[in-house]
Structure formats: C-alpha cells, structure tokens
Amino acid sequence: MKKYIFALALALPMLAQDKVIDVYKSPVCGCCELWESYMEKNGYKINSYAKEDFMKIKESLDIKSQYQSCHTGVIDGYAIEGHVPSSAVAWLLENKPDGVIGISAPGMPMGSPGMEQGAPEKYPVILMKKDGSSELFGYYIGDKKI
C-alpha cells in the first residue's frame, strides 16, 4: 500500500504540470483576469504575465491577425487565443491534432468565458493551423458548444 501512495505522490506533480497555462496579456485588461479565474475553476493553473509588449507572443507563435484576441495562453506547446472555453482546450490537449498551432475564440465575443457581461452571442472557436489556415472547431454560446 505504501508503494502505491508513494507512486501516486510522485505522479501528481507531473499530472498538474500538464494543466499549466502561461497567459500573456495587457496590464489593463480586466476580462483577461476573468478568463484566468474561469480556467482556474476548471482545473488549470495560470501563470500570468501582464506586459505592454504582450503582442510579441502572438507574433512569435505566428497567430494571424484574424484569429487574435486580447490575451494569449500557451500550454503544452499550443496557443490558446482569447476567451476559449475550457472544454475546447481540454479537447485540444487530449487529441493533439496534427498541423495545429492552437485554438482561438477570435475577438472578444459577448458571453464567452470572461466576457459574461451583455447579451451572450453565438461565436466560433477555431483551430489555427501551421500553414496559416483555420478549421472551425465549433460554435459556442457561453462555454457550451452548440
């Protein structure tokens, strides 16, 4: 029994590392903090970096302007651009699709996680590909895929 407890104690930190998101954002954006809180409630650990030059991360990850939002997360080598629902992030990490650099909720859709003020709208969540193209992952209202 002690061997199993010891093995579990060693494995837990490795499992937790898989759910760490480095978030790069503007120092003055409140909705980014709301998205970070949402992701923490859904089991992710957030390392937050609020800097004036936060757009540089988008350039370094080759996130095209049409896919950009107010903040960029990086987890397990993937970009998480904007107010992406946690279920979409979980799918990306579980499936690791070929040729994909990350997932995006372009712009700042009303009702998306962290943008709950105002009337919720239907918005796309897209997979961003290495070749610069994209593929629709699905439409969401709030954090629910429809």
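Hydrophobic cluster membership differs between Val84 and Leu34, with clusters built from Ile, Leu, Val, Met, Phe, Trp and Tyr side chains linked at under 4.5 angstrom. Hydrophobic clustering (ILVMFWY, side-chain heavy atoms < 4.5 Å, transitive): Tyr38 and Val23 are in one cluster. Following chains of ILVMFWY side-chain contacts shorter than 4.5 Å, one cannot reach Ile80 starting from Ile101, and the two form parts of different hydrophobic clusters. When the side chains of ILVMFWY residues are joined at heavy-atom separations under 4.5 Å, either directly or via intervening members, Leu136 and Ile146 end up in a single hydrophobic cluster. If you chain together hydrophobic residues whose side chains sit under 4.5 Å apart, Leu92 and Ile63 never meet in one group.
Separating the NE2 atom in His83 from the OG atom in Ser104 is a distance of 10.5 Å, to the nearest 0.5 Å. Ser87 contributes atom OG, which lies 11.5 Å from atom CD of Glu94 (distance to the nearest 0.5 angstrom). Between atom NE2 of residue His71 and atom SG of residue Cys29 there is a gap of 8.0 Å, rounded to the nearest 0.5 Å.
Heavy atoms of other residues, nucleotides or ligands lying less than 6.0 angstrom from NZ of Lys130 number 12 at most. When the shell of 6.0 Å around CG of Asp53 is examined, it contains more than 12 heavy atoms from other residues, nucleotides or ligands. Around atom NZ of Lys145, more than 12 heavy atoms belonging to other residues, nucleotides or ligands sit under 6.0 Å away.
The two residues Ser48 and Lys25 have their closest heavy-atom pair at OG-CE, 3.0 Å. For Cys70 against Phe54, the heavy-atom pair with the smallest separation is O-CE1, 3.3 Å. Shortest non-hydrogen contact noted between Pro124 and Pro106 is O-CD, 3.7 Å. Scanning both residues, Leu93 and Asp76, for their nearest heavy atoms gives CD2-CB, 3.8 Å. In plain terms, the two heavy atoms of Ala119 and Met110 that are nearest each other are O-CB, 3.3 Å. The shortest non-hydrogen separation linking Leu61 to Thr72 is CD1-CG2, 3.9 Å.
With hydrogens and angles ignored, the 3.5 Å screen pairs a side-chain donor or acceptor of Glu116 with a backbone N or O of Gly114. A donor-acceptor distance shorter than 3.5 angstrom exists from the side chain of Asp131 to the backbone of Ser133, with no hydrogens or angles considered.
The ring-ring contact (aromatic ring centres under 6.0 Å, His included) test applied to Phe137 returns Trp91, not counting sequence neighbours. For Tyr49, the ring-ring contact (aromatic ring centres under 6.0 Å, His included) partners at least two apart in sequence or on another chain are Tyr24.
Counting only heavy atoms from C-beta outward, the side chains of Gln117 and Met115 approach each other to under 4.5 Å. Residues Val125 and Ile103 form a side-chain contact, since some pair of their non-hydrogen atoms from C-beta on lies under 4.5 Å apart. Using a 4.5 Å heavy-atom cutoff, the side chains of Pro27 and Glu52 are in contact. The shortest side-chain heavy-atom distance between Met39 and Val89 falls under the 4.5 Å cut-off. A heavy-atom distance below 4.5 Å is not found between the side chains of Ser112 and Trp35. No side-chain heavy atom of Asp22 sits under 4.5 Å from any side-chain heavy atom of Ile57. Considering only heavy atoms from C-beta on, Lys45 stays 4.5 Å or farther from Lys19 through its side chain. In this structure, the side chains of Lys58 and Tyr67 stay at 4.5 Å or more apart for every pair of heavy atoms.
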Could you walk me through whether Lys64 and Met128 pass side chain to side chain contact (heavy atoms under 4.5 Å, CB included), step by step?
CA-CA 9 Å; Lys64 305 294 180 215; Met128 301 177 290; over 6 Å; no

Begin with the C-alpha distance, continue with both residues' side-chain angles, and end with the deciding distance and a verdict on side chain to side chain contact (heavy atoms under 4.5 Å, CB included) for Lys51 and Lys56.
CA-CA 10 Å; Lys51 298 182 177 187; Lys56 287 183 180 179; over 6 Å; no

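Tyr44 and Ser86 share no side-chain donor-acceptor pair at under 3.5 Å.
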